[in-house]
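Worksheet for the structure shown next.
These numbers come from a predicted model, not from an experiment.
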Amino acid sequence: MKEVKSPKKPLIFYYLIVLGVILLFNILVMPLLSQSQIQEVDYGTFVKMAENQELGQVEIDETRNQVLFTDKDEKVVYKAGMISDPDLAELLKESGAKYGGQIIQQTNPIVSFLLTWVLPIVIFILLGQYMNKKLMNQMGGKNAMSFGMGKSNAKIYVQSTKGLKFSDVAGEDEAKESLQEIVDYLHNPKKYTEAGASMPKGILLVGPPGTGKTMLAKAVAGEANVPFFSISGSEFVEMFVGMGASKVRDLFQQAKEKAPCIVFIDEIDAIGQKRSSGVSGGNDEREQTLNQLLTEMDGFEGNTGVIILAATNRPESLDPALTRPGRFDRRVPVELPDLAGREAILKVHAKKIKTAEDVDFHTIARMAAGASGAELANIINEAALRAVRNGRTIVNEADLEESIEVVIAGYQKKNAVLSDQEKKVVAYHEIGHALVAAMQNHSAPVQKITIIPRTSGALGYTMQVDTGDKYLLTKEEIENKIATYTGGRAAEEVVFGQITTGASNDIEQATKLARAMITRYGMSDAFDMVAMETVQNQYLGGDVSLACAPDTQKEIDRKVVDLVKKQHEKARKILEDNRDKLDSLAKYLYEKETITGEEFMRILEGGERA
């Protein structure tokens, strides 16, 4: 889509043009007008008027060989060609004329006033009114104290052959299907009206950050072939009460004039949050803006032909009046992509770079479990940058695997030099994770183990990759995950008899899983299927808050501690029973610093070290 942009030249540019025109007018035109007010007579008339003492002011212009003079009342200016007259001085003396002064008033005073004062003011006023209308949209967002106050800042797009299409968006097939129906309705409305069906007035795109909500809106703009208005929710917010509501009115007025059309409001939660129930909270700027938006979307007048697209990652914060049918009739989830979706997204972005023929995008997609579309695009770009740093123009699979590690744990910290003892502790710690995972049932296979420090602060990590996407976890699988998290600390205890600070993140993750089992998943006999926690902002980290009595909270804390301690003991027992394998694997990792899952399993199963 191609954006329709406002003129870029500032207002002062046009004022300078007008000022130049006025200067030229005064330099070229005013002298001509002044000359037209002077009556030309012969020298004899001048002499006769002097003898009759009918002169007012007299000015001798020797360079032009002429004399300028006025009558007695100084209302008319005359000009006469001057001849050699030795008695001129005596004649002027006897006539009583004011000799030697400058004749200033050569034009009609009324005409002079109109041309030099009134005309410039009129021109500037007309220019200001013209530019006020012309630059309203441009000045509205940049200078609310001057022009454009209360006008919408929406960007207007027209049809373009280079716009984003649905074929450019991968991994969100269900969302594309819902939006393709809207596009089809705009192209073929007859078949819907014949069936008595009407299109939704509003479509709300919800999902985590980076999943492609805005990209889907751009794809709709590229496919729809109708005017497309794009604006962010924060652009409605103003410091003056009533300006946001005015911008909403202006936006929908423009949309109605160009109907059928699409209006896209990004981050609508900036103006669509739930209204306050307090007495003093109903008059602020944001609520007035929301009230105007509600009226425009489903008021008495209606918005025939205007379809509203909106995106947010905080749907639970939106006002119920905004999300009800009749306003936002359809809610389209844009979730994190599954395994097939991740593979498709990687292939779409890989078209922009040169990749080796043997790259297995399925394996890369499995390693990038839980990644959003934006993160997958970043993985491809990081792989291309790594290839360039290594002097290559073609990206191989190793580049992609390393780029996943960069996104997960950061870049390799080359200036971090561990002592031999620290390096040995980290090697046993990571092998402890991997060995506990491998010796349990229903655990994800180990993909890679490394003890190279990363910029995120991790001194090493163990990567586990499931063979496919898992949507349900059993109680046993979650307990195995907790045991795996405690495996690193358990290895330190078994081998060195002391513990370090390296397990801080493991402790956090194990505690979070154990608490979720008890408070949210109903995996505790004491509380059965009673929810003790509520999740808020599920798309922005999933903040939780307890909803139980203080005594119950104490009981929950005891259950969490018991659960983690039990799995910690299990992990320590596994490592003690397999101490020889723990030592062999840790020594190999210490030497190599990075090993693959295949190498790990070969040593674990008794094969020779590669």
Side-chain angles (χ1 to χ4, degrees), residues 208 313-317 333 335-336 369-370 408 429 432-446 458 461-466 468-494 499-576:
N313 41 41
R314 298 178 58 196
E316 69 284 342
S317 70
E335 302 287 351
L336 293 172
I408 294 174
H429 183 103
H433 286 307
L435 189 56
V436 171
M439 300 306 292
Q440 296 181 112
N441 296 325
H442 309 296
S443 290
V446 175
Y461 67 89
T462 301
M463 180 185 292
Q464 292 177 260
V465 178
D466 279 306
D469 287 324
K470 293 185 72 67
Y471 301 100
L472 294 173
L473 290 175
T474 65
K475 182 179 179 180
E476 181 185 1
E477 288 172 334
I478 299 178
E479 289 175 343
N480 288 347
K481 278 180 173 289
I482 296 173
T484 301
Y485 282 128
T486 63
R489 167 64 63 83
E492 296 177 17
E493 295 170 337
V494 169
I499 57 178
T500 68
T501 59
S504 60
N505 186 62
D506 301 332
I507 294 170
E508 181 181 344
Q509 297 298 326
T511 305
K512 188 183 295 185
L513 273 179
R515 184 172 293 275
M517 287 179 65
I518 295 169
T519 60
R520 291 165 52 198
Y521 302 147
M523 294 181 177
S524 168
D525 295 334
F527 301 115
D528 199 37
M529 294 180 62
V530 178
M532 300 296 175
E533 251 178 4
T534 57
V535 180
Q536 301 170 339
N537 296 333
Q538 60 171 327
Y539 295 131
L540 296 176
D543 299 333
V544 295
S545 59
L546 283 171
C548 57
D551 291 341
T552 307
Q553 292 182 19
K554 292 180 181 179
E555 183 66 20
I556 291 172
D557 291 338
R558 283 195 292 268
K559 296 267 180 205
V560 170
V561 172
D562 292 341
L563 178 56
V564 175
K565 285 181 69 175
K566 180 180 178 182
Q567 299 308 314
H568 185 191
E569 290 295 331
K570 183 174 76 172
R572 186 156 45 199
K573 181 71 166 55
I574 291 174
L575 296 177
E576 288 173 347

Only counting residues at least two apart or in another chain, list the ones meeting side-chain hydrogen bond (donor to acceptor under 3.5 Å, both in side chains) with Lys512.
-> none
Listed partners of Lys470 passing salt bridge (charged side-chain N to carboxylate O under 4.0 Å, His left out), at least two apart = Glu477
Stepwise, does the side-chain contact (heavy atoms from CB on, under 4.5 Å) test hold for Thr552 with Met532?
-> CA-CA 9 Å; Thr552 307; Met532 300 296 175; 4.0 Å; yes
Taken in chain and number order and not counting sequence neighbours, the residues that satisfy side chain to side chain contact (heavy atoms under 4.5 Å, CB included) with Ala444 are Gln464, Asp466
Set of residues satisfying side chain to side chain contact (heavy atoms under 4.5 Å, CB included) with respect to Ala438, sequence neighbours excluded | Phe600, Leu604
List the atom of Ala514, the atom of Val560, and the distance in Å for their closest heavy-atom pair.
-> CB-CG1, 4.0 Å
Across all chains, not counting sequence neighbours, the side-chain hydrogen bond (donor to acceptor under 3.5 Å, both in side chains) partners of Glu569 are Arg572
By side chain to side chain contact (heavy atoms under 4.5 Å, CB included), Asn505 pairs with (sequence neighbours left out) Glu508, Gln509
Measure across Gly487 and Leu575 and return the closest heavy-atom pair with its distance rounded to 0.1 Å.
-> O-CD1, 3.6 Å
Mind checking side chain to side chain contact (heavy atoms under 4.5 Å, CB included) for Lys570 and listing every partner two or more places apart, or none if nothing turns up?
-> Gln440, Asn480, Ala483, Gln567, Ile574
For Ala491 and Gly432, the nearest pair of non-hydrogen atoms, with its separation, is CB-CA, 3.9 Å
Atom pair CG/NE2 of Leu435 and His433 - distance to nearest 0.5 Å = 12.0 Å
Residues in side-chain hydrogen bond (donor to acceptor under 3.5 Å, both in side chains) with Thr534, at least two apart?
-> Ser545
What residues form a salt bridge (charged side-chain N to carboxylate O under 4.0 Å, His left out) with Glu335, not counting sequence neighbours?
-> none
Work out which heavy atom in Asp506 is nearest to a heavy atom in Tyr485; give both atom names and the distance.
-> CB-O, 3.3 Å
Which atom pairs, one a donor and one an acceptor, fall under 3.5 Å between side chains of residues 516-531 and the rest of the protein, sequence neighbours left out?
unit_1, atom_1, unit_2, atom_2, d
Thr519, OG1, Arg515, O, 2.7
Thr519, OG1, Glu533, OE1, 2.8
Ser524, OG, Ala526, N, 3.4

Not counting sequence neighbours, which residues clear side-chain hydrogen bond (donor to acceptor under 3.5 Å, both in side chains) with Glu492? List them please.
-> His429, Thr500
State, with a plain yes or no, whether a side-chain heavy atom of Arg489 is found less than 4.5 Å away from one of Ile507.
-> yes
If you measure from NZ on Lys554 to SG on Cys548, what distance do you get to the nearest 0.5 Å?
-> 12.0 Å
